[in-house]
Trainee: 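So that we are looking at the same thing, I have put the structure below in structure tokens.
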Amino acid sequence: MEITIDGRTCKARPGQTVLQVARENGIYIPSLCYHPRTGRAGRCRACVVEVEGMQGLKESCALDVKEGMAVRTDTRAVTAVRRMVVELLLADGQHQCIACQANGHCELQDMAYRLGIERPSLRLASEPEPLDESSEGIVRDPNKCVQCGRCVNACNNTVMHEVLDFAWRSGHAKVVCDDDKPMGESSCVQCGECVQVCPVGALVFKPAKGRGRWWETEKKTVICPYCGVGCSIDMHVKDGRYLWAMATEDNWEKLPGQGMLCVKGRFGLEFLNSPDRLTSPLIRRNGNLEPASWDEALDLVAKRLKEIKGKHGPGAIGCFASAKVTNEENFAMMRFARAVVGTNNVDHCARLCHASTVAGLATTLGSGAMTNTMQEAAKSEVILLTGTNTTWCHPVFGGLIKQAVRKHGVKLIVVDPREIDLAKIAHLHIRQKNGSDVAWLMGMQHVIVREGWHKLDYINERCEGWEEYRKSLEFYTPEKVEELSGIPKERLYEAARLFATAKRAAIYFSMGITQSSHGVDNVKACANLAMITGNLGVEGGGINPLRGQSNVQGACDMGALPNVFSGYQAVTDETVRRKFAARWGVKPEAMDAKVGLTVTTMIEGCGESIKAAYIMGENPMVSDPNLNHVETQLKKLDFLVVQDIFPTETARMADVVLPGMTFAEKTGCYTNTERRVQLGRAALTPPPGPKQDSEIIAEIARRIGAADFPSTPESLFAEIRDLTPSYHGITYERMEKECGLRWPCPSEDHPGTPILHIGKFARGKGLLSPIAYRPPAEEPDDQYPMRLSTGRILQHYHTGSMSRRAPVLDGLVPHGMVEIHPNDASRLKVKEGEKVRVLTRRGTIETQALVTDRVAEGSLFIPFHFAEAAANRLTIDALDPVAKIPEYKVCAARVEKAAPGGCDDCPKEAAS
Ligand code: SF4
Ligand code: SF4
Ligand code: SF4
């Protein structure tokens, strides 16, 4: 339709407001309460307009367009109201723009400037209120608050944290946290969304204060380096230094994070300014790591790798790629291992998080990735969420799930031993015993088939293995499942009914399912459930493993795995080997034809089959299970090279340390959890010293004899496209223009594939798997009577090498803890905050008790980010027989009050 604004004809769409049409057409209408992401509000009256044929002034943010509407934004009446709004706000608050952090980025200041109001013509006598500086990352200044409600709206309806609200009445009305607590004592999770939308300086980022004004900064868009959601961040940079982070708002509806960030994306980038950065290569001399030139270090690495290859063969070298570096760099490491060293011993930390997903889904469906998109959560009728504490581990997606439940009526089933945040809004929360997932998943399927809720037509047409699978369900009677998992049979029935009778039901899972000695069985059981209910290949359905790190999907796609080249092309297939060999200019016979060793089996082989390891961007000395054993194994190596940005616990054990660049200093692409390949552009100039990881790999390769090894992101991406059919149609230009593309994208005119397996599974027929129940590798007993589980917390990330160097994150949670149920705490006479020892058969750590009923009685939970209280000194290194993933999620443990001064067994090393 068409409307006119100030005499200009403007195109408009039904459902738009006058304000939106004006903004699309570059016509200035001020507004304080409306924001594109918080929507219409109609509170501040700054956006009033006159409309021909309508009485009085209308709020343009709440006025729907109608064909032929004639709008005026510039009449005397409109201007008079705007002046009054601005004057009252300025008169009622305490505004000194000169020192305000919002100066130059303030919509009230803009309005006053445009209206020529230097100072208000009246003064309302209100006493200044104290600032709220109680939280780590945000300063609240009630004196500058214009009560527009954007922050309240954003907190409650966008990020769904439900902290902010209006309280009190009339002249005393104000925005409060919870029931008027200081922000630092409230339930605020410091996501910063309220600051992002605040139109004035009432909410500002504490670390930004005094470090730069808005007009002094450059805006550089990057991909968040933390979890697999892949949120887009506008970094504000001054003099080459990172200052603060805003969520990208351009095209926000098309972005994975929908214009939101969590506390890690918001405050976690400060590690970019850390003085701990490795800036020079280091070589171990006389037992100490000492600075060396790049030539010395690279020559030494090449020489030692050549020697070890010559003496023990290529299989004596292990290469560790990384879920934190770009696709191009992972491809380079994979190419180095296979074409230069001549081994398939290349792997990365997906082995420790989603190897069972890749193995389980590739076997059953033909593709190991998330089948649907995060945005589809709102289109499901039912979501089954298990083994994922989404609001902590994939926080922005956790917000999208909350939106799906609260705004779109999606029914949520949470199956998790802990009372996670999302359990509070679930229709059904079921607490199973750790490690009993096959039992309850197959038990649900037993009920579904017994009740006839399965989709037999879909199964007959699209799946195979039905009869054998159906027989295996007989074991999983609700009574048996109750005995194995502790789930009452009525609740199992209810979960089965809800899931199977929904038109579109999606499964989301993460490491609670995969990090198990029967992780592949768990994943296959999820795939069975999705198949028999006809939920694959449909919008709002699917089986969706949430990938933990920013590029763990990409590292897998790039073939940083011992069994496949990029695009999951098998190393055992001669045609595939020949294709890669031809492109890389090596003899096919020089390529390893057998599947290589995994991260876990390489560590196990140290000193025996493995003599040298080249580790890029990984820290097994904190991330791997049974750390005491890992340390012993790494010490057995003849040669260890570590390439990283910080001196990690693993780097401290190396013979040579090579300094790499951070995500913000290099170009390259990352693939998020929903297979979306996004381009990251260099935003900062690196300090002198570090090199891009692909350049380092290429330098070593050239010294070993591969003269034309590519080093630039562009040349590597060209190879990726040539050799990887699912990435063939993706280009840097398209990624930028189209906000990323989801593979498979076989040609440049292909739009990408949001939903996999439509009409047909990637492997042809979906494979229904019969699954026999196996208990966890270690059950509680008299000596170790409790069940220990490990995982992440919201404020920290992985081995802490980045998040613990971000002061806001470290300030929020400065040390580790063990979650213990109040009844267990009282039995053990342990108080909140008290030092305790946690013991397993592998080791002992000392940490603080967090007494909470978030864990079930008899269970413990320890985050694994804290090297000084490393949970992985306790975990068991029992592996899934197929995926070789360790059982991080359950082992037997005991808690004791700590002896004063600590215990003899406790590791004494400092935090990273
Ligand atoms: S909030 Fe805006 S108007 Fe108030 S002092 Fe800051 S910049 Fe000036
Ligand atoms: S930081 Fe996030 S959780 Fe805290 S008040 Fe603001 S929007 Fe709400
Ligand atoms: S949800 Fe994940 S990708 Fe998004 S800001 Fe948080 S850590 Fe970064």
Side-chain angles (χ1 to χ4, degrees), residues 32 38 86 89-90 93-113 117 132 135-138 140-141 143-146 150-165 175-178 183-184 186-205 213-214 222-233 245 247-248 255-258 260-269 374 390-400 546-550 670 672-673 678 792 794-797 802-803 809:
L32 292 170
T38 53
V86 174
L89 289 172
L90 289 174
Q94 308 280 335
H95 295 273
Q96 296 88 23
C97 296
I98 291 171
C100 182
Q101 185 58 32
N103 192 358
H105 184 73
C106 172
E107 294 173 47
L108 181 61
Q109 189 186 54
D110 274 355
M111 287 170 69
Y113 179 77
I117 304 171
D132 178 358
S135 74
E136 287 294 327
I138 296 170
R140 300 173 68 218
D141 184 348
N143 307 295
K144 290 176 186 158
C145 175
V146 292
R150 277 191 199 175
C151 61
V152 174
N153 217 336
C155 188
N156 291 288
N157 299 325
T158 309
V159 285
M160 316 290 287
H161 294 310
E162 300 176 344
V163 179
L164 298 178
D165 208 344
V175 174
V176 296
C177 296
D178 295 340
M183 188 177 241
S186 73
S187 57
C188 169
V189 293
Q190 300 279 283
C191 71
E193 175 76 2
C194 50
V195 183
Q196 173 106 17
V197 298
C198 177
V200 294
L203 289 157
V204 299
F205 297 126
R213 271 92 51 98
W214 284 83
V222 295
I223 312 294
C224 177
Y226 286 102
C227 84
V229 175
C231 298
S232 182
I233 301 179
T248 305
L255 296 171
Q258 309 265 285
M260 294 180 269
L261 293 178
C262 76
V263 66
K264 290 188 283 278
R266 186 74 70 181
F267 295 112
L269 306 193
M374 291 184 287
T390 324
T391 56
W392 283 14
C393 303
H394 300 85
V396 164
F397 182 54
L400 293 180
L546 298 172
R547 310 302 298 259
Q549 302 213 50
S550 56
Y670 303 84
N672 82 346
T673 187
Q678 304 190 93
R792 286 188 192 163
L794 170 65
Q795 299 82 358
H796 281 295
Y797 185 74
M802 300 189 315
S803 64
L809 301 183

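Remember, it's 1-based here, ligands and their atoms both numbered in the order they're listed. Since the structure is predicted, the reported quantities are computational estimates derived from the model, not experimental observations. Along the sequence shown, the residues carry numbers beginning at 1.
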Trainee: Check whether any N, O or S atom of His95 sits under 2.8 Å from atom 4 (Fe) of ligand 1.
Mentor: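 Yes, since at least one N, O or S atom of His95 sits under 2.8 Å from atom 4 (Fe) of ligand 1.
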Trainee: Quick test: of every protein heavy atom, which one is nearest to atom 8 (Fe) of ligand 2, and how far off is it to 0.1 Å?
Mentor: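 Looking only at protein heavy atoms, the one closest to atom 8 (Fe) of ligand 2 is Cys155 SG, 2.4 Å.
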Trainee: Within the structure, is a non-hydrogen atom of Gly192 found at a distance of less than 4.0 Å from ligand 2?
Mentor: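 Distance cut 4.0 Å: Gly192 passes for ligand 2.
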Trainee: What part of Val195, side chain, backbone, both or neither, has a heavy atom within less than 4.0 angstrom of ligand 2?
Mentor: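 No part of Val195 comes within reach of ligand 2.
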Trainee: Record the part of Gln101 in heavy-atom contact with ligand 1 below 4.0 Å; permitted values are side chain, backbone, both and neither.
Mentor: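 Near ligand 1, Gln101 shows nothing, with every heavy atom at 4.0 Å or more.
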Trainee: Tell me: protein heavy atom nearest atom 1 (S) of ligand 1, and distance?
Mentor: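 Closest protein heavy atom to atom 1 (S) of ligand 1: Gly201 N, 3.0 Å.
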Trainee: Tell me, which protein residue and heavy-atom name are nearest atom 7 (S) of ligand 2, and how many Å apart are they?
Mentor: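 Here the nearest protein heavy atom works out to Cys194 N, 3.5 Å.
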Trainee: Which residue and non-hydrogen atom of the protein lie closest to atom 6 (Fe) of ligand 3, and at what distance in Å?
Mentor: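 Answer for atom 6 (Fe) of ligand 3: Cys262 SG, 2.3 Å.
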Trainee: Between the side chain of Gln109 and the main-chain N/O of Gly104, is any donor-acceptor distance below 3.5 Å?
Mentor: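 Here the side-chain-to-backbone pair exists.
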Trainee: Between the main-chain N or O of Arg547 and the side-chain N or O of His394, is there a donor-acceptor pair closer than 3.5 Å?
Mentor: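 Between the backbone of Arg547 and the side chain of His394 there is a qualifying donor-acceptor contact (under 3.5 Å).
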Trainee: Taking 4.0 angstrom as the limit and counting only heavy atoms of Ile138, give me the atoms of ligand 2 inside it, by number and element.
Mentor: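 Counting from 1, the qualifying ligand atoms are 1 (S).
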Trainee: Near Leu164, which atoms of ligand 2 are under 4.0 Å from a heavy atom of that residue?
Mentor: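 Contacts of ligand 2 toward Leu164, numbered from 1: 5 (S).
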Trainee: From atom 4 (Fe) of ligand 3 out to just under 2.8 Å, does an N/O/S atom of Cys231 turn up?
Mentor: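 So Cys231 counts as coordinating atom 4 (Fe) of ligand 3, yes.
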Trainee: For atom 4 (Fe) of ligand 2, what is the closest protein heavy atom, and at what distance to 0.1 Å?
Mentor: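 Checking every protein heavy atom, the shortest distance to atom 4 (Fe) of ligand 2 gives Cys188 SG, 2.3 Å.
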Trainee: At less than 4.0 angstrom from any non-hydrogen atom of His161, what atoms of ligand 2 do you find?
Mentor: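 Within the 4.0 Å cut-off of His161, ligand 2 contributes 3 (S).
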Trainee: Quick one: does ligand 1 sit under 4.0 Å from the side chain of Cys97, the backbone, both or neither, non-hydrogen atoms only?
Mentor: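 Under 4.0 Å from ligand 1, Cys97 contributes backbone and side-chain atoms.
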Trainee: Does any N, O or S atom of Cys191, backbone or side chain, fall under 2.8 Å from atom 6 (Fe) of ligand 2?
Mentor: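 No, Cys191 does not qualify, because none of its backbone or side-chain N, O or S atoms lies under 2.8 Å.
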Trainee: Tell me which part of Met183 gets within contact of ligand 2: side chain, backbone, both or neither, using heavy atoms under 4.0 Å.
Mentor: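 For Met183, the contact with ligand 2 is made by the side chain alone.
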Trainee: For Glu162, is the nearest heavy atom under 4.0 Å from an atom of ligand 2?
Mentor: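 It does not, in that no heavy atom of Glu162 comes within the 4.0 Å cut-off of ligand 2.
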